[in-house]
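These figures come from a predicted structure and were not determined experimentally.
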Amino acid sequence: MAHQMVVVLDFGGQYNQLIARRVRECQVYCEVIPYTTPLETVKAMNPIGIIFTGGPNSVYLEDAPKVDPAIFTWGVPVLGICYGCQLMAQELGGQVVPAQDDSAREYGKTATYYDPPCKLFDGLPDSGISWMSHSDYMAKVPEGFRLVAHSDACPNVAIADEARGFYGVQFHPEVNHTEHGSQMLHNFLYQVCHARGDWTMGDYCKTAIASIREKIGDGKVLLALSGGVDSSVAAALLAEAVGDQLTCVFVDHGLMRKNEGDEVEAAFAKWDIHLIRMNEEERFLRELAGVTDPEKKRKIIGEQFIRVFEQVGKQIGSVDYLVQGTIYPDVIESGKGDAAVIKSHHNVGGLPDYVDFKEIIEPLRMLFKDEVRQLGRELGLPDYLVNRQPFPGPGLGIRIIGDITKEKADILREADAIFREEIAKAGLDSQIDQYFTVLTDTHSVGVMGDGRTYDYTLALRGVTTSDFMTADWARIPYEVLDTVSVRIVNEVKHINRIVYDVTSKPPATIEWE
């Protein structure tokens, strides 16, 4: 039985993937697609509801993103968020104009008052804090709509035409700053769209195994194993589906963390799978020599991975399929359709044009990170693998700013090992979702042993996050940062300055490149 689906139409807002994550938390499957997707394609997806996202544009401008007006006569419920709310109002006969004074513009946490009865706010208290981000104003509400929420500055914070199942909110219910936001989305899904809640990892696991078996048949499969959460879960899924038809290939590209290659090999030696380790440091460093652009780095690394897998495939003979642990954030950030490319992931946007395999299979492609972890638990993976910190496929290649050399990689490996060791000693390793070091391309003057130095600046990065789509910088205690700084400067040659990154995502990404 096919899952019920909600379609999220993407208008370019910064929280759009978070909307999808919140919907899935309500056990309803959803996909994010560009607003330019033809209506017939959307209809073919058979959604039970549609969500219009926020976006940076103003709906009254001539070149503003629009939708096919027929979407409003189709009979499917629609929830408009921020820009999506204003778009719906404008398209259905209302009027949106620039706010004439500062009081009508709203940004950040705003007291909001709900005007019951309204299905969207069912079960909520009379008021709550909402996260606002708008400078336009609905001067006229479309016919058939009524006002269902207001703030001190704005009388039309939310509108509803419950007869047609149309709802619009000026705020962002998907962000944690909005109180009761998840309940609002739950109400839209279950009370308006009549969701069954049929999206679970247990069900996905069974479906995925059956689908993989049907596709692969008696063919041979190579799986790109990095030892990270995503590829480990993909390996367990494929092992369950096709057993000894699977060969896992671990490529040590010389850009791993300290001792990581040996640790990965040791961890998977305990599994009943065929594992091949390829030590390819020389190949990768040769191809990356002199390259400073991060997008080019990712594409070179992506291509070299494929070439190594092709080499192994020929050695084994008659390998039809290559499996990668690509997940949904990788796809989203690499760009799709009109979507902006945040960064090309080596296993998505970094793939070469020609690949010598019948097909690349990505069984986790539509899953968020926390869903991948849930799937790993369904497959019986141990906690130390399921809860492992993310490590990017390009490895230290995107944590070395500027050109990559073996010397720089060795410097970064030693500094990173100290940082991770001290975080664990402080008991913070389970509280910080990702932490690592970045070797910047900046040199600065220092004094060591009464002499002048001119060496690298090292950046420390730590974040807390629930989904890796948004993240907050971790408040690491000063005394821990002090210990890390003293140890690195004293124990690692060619580093004389340490800085800590206090930028959240957005506006930054978690990785520096």
Side-chain angles (χ1 to χ4, degrees), residues 226-228 250-267 277 279-286 288-289 291-292 294 297 301 388-429 432 434-449 451-463 474 476-501 510-513:
S226 70
F250 167 55
V251 179
D252 187 341
H253 48 21
L255 298 168
M256 307 296 289
R257 291 172 290 198
K258 188 175 181 179
N259 301 325
E260 190 154 30
D262 294 339
E263 291 171 2
V264 169
E265 191 172 17
R277 176 175 177 175
N279 295 309
E280 298 289 337
E281 178 183 58
E282 185 179 342
R283 172 205 288 255
F284 279 83
L285 291 181
R286 181 179 65 246
L288 288 164
V291 177
T292 60
K297 287 181 187 178
I301 292 170
R388 197 162 186 258
Q389 279 218 355
F391 185 61
L396 302 183
I398 56 169
R399 293 179 181 174
I400 297 172
I401 309 301
D403 66 316
I404 299 170
T405 65
K406 179 170 173 41
E407 180 190 34
K408 288 182 178 179
D410 288 340
I411 291 170
L412 184 56
R413 257 188 284 273
E414 293 300 322
D416 188 73
I418 291 171
F419 185 37
R420 289 188 291 126
E421 180 183 330
E422 291 300 329
I423 290 293
K425 278 184 182 178
L428 299 172
D429 49 333
I432 306 174
Q434 193 170 357
Y435 49 93
F436 54 89
T437 57
V438 178
L439 188 66
T440 76
D441 203 25
T442 299
H443 288 69
S444 66
V445 174
V447 179
M448 298 180 73
R452 177 186 185 276
T453 63
Y454 191 64
D455 278 325
Y456 288 109
T457 298
L458 183 86
L460 309 178
R461 178 74 159 146
V463 299
I476 298 176
Y478 289 154
E479 57 269 23
V480 176
L481 292 174
D482 180 52
T483 301
V484 171
S485 177
V486 170
R487 279 198 62 192
I488 291 176
V489 169
N490 279 279
E491 297 177 32
V492 184
K493 292 181 179 179
H494 305 299
I495 295 175
N496 69 356
R497 189 177 299 272
I498 310 293
V499 298
Y500 185 51
D501 183 349
I510 294 176
E511 298 287 346
W512 274 38
E513 289 196 338

Considering only heavy atoms from C-beta outward, does the side chain of [X] approach that of [Y] to under 4.5 Å?
| X | Y | result |
| --- | --- | --- |
| I404 | L285 | yes |
| L460 | I476 | no |
| V489 | L458 | no |
| I432 | V463 | no |

I need the minimum non-hydrogen distance between [X] and [Y], along with the two atoms involved.
| X | Y | answer |
| --- | --- | --- |
| V480 | L428 | CG2-CD1, 4.3 Å |
| G254 | A409 | O-CB, 4.3 Å |
| V492 | A415 | CG2-N, 3.9 Å |
| V264 | S226 | CG2-O, 3.7 Å |

Which value, rounded to the nearest 0.5 Å, describes the distance between [X] atom [atom1] and [Y] atom [atom2]?
| X | Y | atom1 | atom2 | value |
| --- | --- | --- | --- | --- |
| D482 | E422 | CG | CD | 10.5 Å |
| E414 | L412 | CD | CG | 10.0 Å |
| I498 | T437 | CD1 | OG1 | 8.5 Å |
| K258 | D416 | NZ | CG | 10.5 Å |
| I495 | N490 | CD1 | CG | 11.5 Å |

Kindly write out the residues that satisfy side chain to side chain donor-acceptor pair (under 3.5 Å) with [X], not counting sequence neighbours, or none if the list is empty.
| X | value |
| --- | --- |
| D455 | none |
| T453 | N496 |
| D501 | R461, T503, W512 |
| D441 | none |

Taking only residues two or more places apart in sequence, or in another chain, which ones meet [X] in a salt bridge (charged side-chain N to carboxylate O under 4.0 Å, His left out)?
| X | answer |
| --- | --- |
| E260 | R257, R388 |
| D410 | K406, R413 |
| R277 | D252, D262, E265 |

**OP:** Any chance you could lay out the side chain to side chain contact (heavy atoms under 4.5 Å, CB included) test for I510 and F436, step after step, and finish with the verdict?
**Re:** CA-CA 10 Å; I510 294 176; F436 54 89; 4.0 Å; yes

**OP:** Not counting sequence neighbours, which residues clear side-chain contact (heavy atoms from CB on, under 4.5 Å) with A266? List them please.
**Re:** none

Subject >> Residues that E407 engages under side-chain contact (heavy atoms from CB on, under 4.5 Å), provided they are two or more places apart >> reply: T405, I411, H494

N/O donor-acceptor pairs under 3.5 Å from side chains in residues 390-401, not counting sequence neighbours:
unit_1 : atom_1 : unit_2 : atom_2 : d
R399   : NE     : E511   : OE1    : 3.0
R399   : NE     : E511   : OE2    : 3.4
R399   : NH2    : E511   : OE2    : 2.7

Original post:
When you look at CD of Q389, are more than 12 heavy atoms from neighbouring residues, nucleotides or ligands closer to it than 6.0 Å?
Top reply: yes

**OP:** Provide the full list of salt bridge (Lys or Arg N to Asp or Glu O under 4.0 Å) pairs with a residue in residues 488-498, sequence neighbours left out, each pair given once.
**Re:**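 Sorted result for residues 488-498: R487-E491.
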
**OP:** Name the orientation class of the two ring planes belonging to F419 and Y435 (parallel below 30°, tilted from 30 to 60°, perpendicular beyond 60°).
**Re:**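 Plane angle over 60°, so perpendicular.
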
Original post:
Can you check whether T292's main-chain N or O pairs, donor with acceptor, with D403's side chain at less than 3.5 Å?
Top reply: no

Original post:
Between the main-chain N or O of T457 and the side-chain N or O of T440, is there a donor-acceptor pair closer than 3.5 Å?
Top reply: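 Flag set: sc T440 to bb T457 pair under 3.5 Å.
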
Original post:
What residues, two or more places apart in sequence or in another chain, satisfy ring pair (Phe, Tyr, Trp, His ring centres under 6.0 Å) together with F284?
Top reply: H253, F305

